[in-house]
Amino acid sequence: MTINEIIILLLGIAISVTLLLIFRRIFFGKKTAIEISKKVNSRELFEPAQKTDEEEILNSDIEKASEDFVDEDVEYESVFRSEEKSNLITLHLEADENVFTYKGLIDYLDNSEVSYKDEGGWFKILLEDGDNFMFVNGLNPGKFSEEENILSTSIMTLIYSLKPKSNSVNALSQIIKFSENTAMNFSTQILDSDRNSLTQQMVEHYSQMAEEFDLNNIS
């Protein structure tokens, strides 16, 4: 076999591989939207949502956790080193630069379809059926502060607490949708609680976690 024949053979192989990759991407491309498909996704499976002493205590704990963000002496990660960690689902929106500004987030939330409360440097996003999750600065001290000149950040964190007598699976679906829309708006990536890229497998893990919690807390 001559050198010319070898060169032609190598070019043919390269072209074949390139075409194979192109066809694979066209016909078997990865879906961009993360889906949640679980049995427990209807409010009808649960009793009417009513404030209970247990829920009030849990909400109080979450409020206390948000207050801890303000204290510079409290490490941000220590908020999640509690007995309630197993009942928390966290997601992170991360960029290479400080794309999240306090004013920019307020403008974004005002123009979105979600309801929210500005809690003075961090946000409470209101979901259906009276549920909610925290949307906070992902870096210490966990909130924006004009006094400390903390007006922008590269990371925003979503914190959802699984609550008894709530439809946690439905809430998780809304949270995933919110994170996808927000990530698209600010051109950021979505990370899981371990700061790895959020995968469909991890979403299914969170969904299973929410489903089991709901089933164990129906009564």
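The figures that follow rest on heavy atoms only: side chains count, while hydrogens, waters and symmetry mates do not.
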| task | Assess the side chains of Gln208 and Glu212: does a donor N or O sit below 3.5 Å from an acceptor N or O? | result | yes

| query | Does Thr182 use its side chain to pair, donor to acceptor, with the backbone of Ser179 at less than 3.5 Å? | reply | no

| Any side-chain heavy atom of Ile125 within less than 4.5 Å of one from Ile175? | no

| query | Would you say the side chains of Glu147 and Ser145 form a donor-acceptor pair under 3.5 Å? | reply | yes

| Out of curiosity, Asn185 CG to Glu180 CD, how far, rounded to the nearest 0.5 Å? | 13.5 Å

| Any luck finding a side-chain donor-acceptor pair between Tyr116 and Asn132 under 3.5 Å? | no

| Any donor and acceptor pair, going by atom type alone, linking the side chain of Thr153 with main-chain N or O of Ile155 inside 3.5 Å? | yes

| query | Are the side chains of Ser207 and Val169 in touch, meaning some heavy atoms are under 4.5 Å apart? | reply | yes

| query | Leu93 versus Ile190: any side-chain heavy-atom pair under 4.5 Å? | reply | yes

| remark: Taken to the nearest 0.5 Å, the spacing of Glu128 CD from Ser115 OG works out to 10.5 Å

| Transitive ILVMFWY side-chain link Leu126 to Leu109, under 4.5 Å | no

| task | Evaluate the ring planes of Phe123 and Phe135, with Trp represented by its six-membered ring, and classify them as parallel (under 30°), tilted (30 to 60°) or perpendicular (over 60°). | result | tilted

| query | Which pair of non-hydrogen atoms, one from Asn98 and one from Ser152, has the smallest distance, and what is that distance? | reply | ND2-OG, 3.3 Å

| said: Please give me the minimum heavy-atom distance between Arg195 and Gly138, naming the atom from each residue. | reply: NH2-O, 3.9 Å

| query | Would you say the side-chain atoms of Asn196 pair up with the backbone N or O of Asp192, donor to acceptor, closer than 3.5 Å? | reply | no

| said: Are Leu105 and Met156 packed together at the side-chain level, in the sense that at least one heavy-atom pair is separated by less than 4.5 angstrom? | reply: yes

| message | If hydrophobic clusters are built by linking Ile, Leu, Val, Met, Phe, Trp and Tyr wherever their side-chain heavy atoms come under 4.5 Å apart, do Met202 and Phe133 end up in the same one? | response | yes

| Will you find, in the side chains of Asp131 and Tyr160, an N or O donor that is under 3.5 Å from an N or O acceptor? | yes

| query | In terms of hydrophobic clusters joined by side-chain contacts under 4.5 Å, are Leu191 and Tyr206 together? | reply | no

| Distance (rounded to the nearest 0.5 Å) between Ile89 CD1 and Leu162 CG | 4.5 Å

| message | Determine whether a donor-acceptor pair (N or O, by modelled atom type, separation under 3.5 Å) exists between the side chain of Lys143 and the backbone of Gly120. | response | yes

| request: Find out whether Asp118 and Phe144 are in side-chain contact, i.e. whether some heavy atom of one side chain is under 4.5 Å from a heavy atom of the other. | output: no

| request: Measure the spacing between OG1 of Thr90 and CG of Leu158 and express it to the nearest 0.5 Å. | output: 9.0 Å

| request: State the CG-CD distance between Leu151 and Glu146, to the nearest 0.5 angstrom. | output: 6.0 Å

| field | Atom pair CD (Gln200) and CG (Leu198), whose distance is rounded to the nearest 0.5 Å | value | 8.5 Å

| task | Please check if the side chain of Lys163 supplies one atom and the backbone of Ser161 the other of a donor-acceptor pair under 3.5 Å. | result | yes

| message | For Ala95 versus Thr188, what's the shortest heavy-atom pair and its separation? | response | CB-CG2, 3.6 Å

| request: Locate the shortest heavy-atom distance separating Ser168 from Phe213; write the atom from each residue and the value. | output: OG-CD2, 4.1 Å

| query | Near Asp110 CG, under 6.0 Å, is it more than 12 heavy atoms from other residues, nucleotides or ligands? | reply | yes

| query | Among side-chain atoms of Tyr108 and Asn181, is any donor-acceptor pair under 3.5 angstrom? | reply | no

| query | Under 4.5 Å between any side-chain heavy atoms of Ser166 and Asp129, yes or no? | reply | no

